[in-house]
Amino acid sequence: MNKKIRTEAVEHLFQAILTLENTEECFHFFEDLCTVNELLSLSQRFEVACMLRRRDTYLKIAEKTGASTATISRVNRSLNYGDDGYALVFARMGLTEPEEEA
């Protein structure tokens, strides 16, 4: 993990997030915590990650999500060279790897 984000304040935030028990509680907390644009940006990145994982094209992802190619590339870099946070969440959500093409 990036040492720059491993701060006491970030850890405190993550501990707070871990207390949330359902999506309704998440809506309440994140609406208070984030601006609408921040929350939409986070959700866009996660949708981009899901679509990249399904091996959708950048064009299709950009059209569906409105994400820039720079954002798509950044998410793709995290999927391929990041700290496996996306992989952990995908596994816990029961999202399987797409089948390899023959």
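Any value given below was found using the heavy atoms of this structure, including those in side chains, with hydrogens, waters and symmetry copies removed. Quick caveat: nothing in here was measured; it's all calculated off a predicted structure.
- Put simply, the side chain of Phe46 does not reach to within 4.5 Å of the side chain of Val75, judged on heavy atoms.
- Using a distance-only test at 3.5 Å, with no hydrogens or angles considered, no donor-acceptor pair links the side chain of Asp84 to the main chain of Ala87.
- In this structure, Leu52 is not a member of the same hydrophobic cluster as Tyr81, with clusters built from ILVMFWY side-chain heavy atoms closer than 4.5 Å.
- Considering all non-hydrogen atoms of both residues, Thr69 and Tyr58 come closest at O-CE2, 4.3 Å.
- Between Ile61 atom CD1 and Met51 atom CE the span is 5.0 Å, to the nearest 0.5 Å.
- The backbone N or O of Asn76 sits less than 3.5 Å from a side-chain atom of Asn80, completing a donor-acceptor pair.
- The number of heavy-atom neighbours closer than 6.0 Å to CD of Gln15, taken from other residues, nucleotides and ligands shown, is above 12.
- A donor-acceptor pair under 3.5 Å is absent between the side-chain atoms of Glu63 and the main chain of Lys60, judged by distance alone.
- Listed for the Glu25 side chain is a donor-acceptor partner under 3.5 Å among the backbone atoms of Glu21.
- Rounded to the nearest 0.5 angstrom, Glu11 CD and Ile5 CD1 are separated by 11.5 Å.
- Residues Ser78 and Tyr86 approach most closely at CB-CE1, 3.9 Å, considering heavy atoms.
- With values rounded to the nearest 0.5 angstrom, Glu47 atom CD is found 9.0 Å from Asp56 atom CG.
- Val10 is connected to Leu39 through a chain of hydrophobic side-chain contacts under 4.5 Å among Ile, Leu, Val, Met, Phe, Trp and Tyr, so both are in one cluster.
- A donor-acceptor contact shorter than 3.5 Å is absent between the side chain of Asp83 and the backbone of Gly85.
- Both Phe14 and Phe30 are assigned to one and the same hydrophobic cluster, defined by single-linkage of ILVMFWY side chains at heavy-atom distances under 4.5 Å.
- In this structure, Arg53 contributes its side chain and Leu95 its backbone to a donor-acceptor pair below 3.5 Å.
- Grouping the Ile, Leu, Val, Met, Phe, Trp and Tyr side chains by contacts below 4.5 angstrom, directly or via other members, places Leu42 apart from Val48.
- With values rounded to the nearest 0.5 angstrom, Leu33 atom CG is found 11.0 Å from Cys26 atom SG.
- Think of Leu40 as one node in a network of Ile, Leu, Val, Met, Phe, Trp and Tyr side chains linked at under 4.5 Å; its network also takes in Val36.
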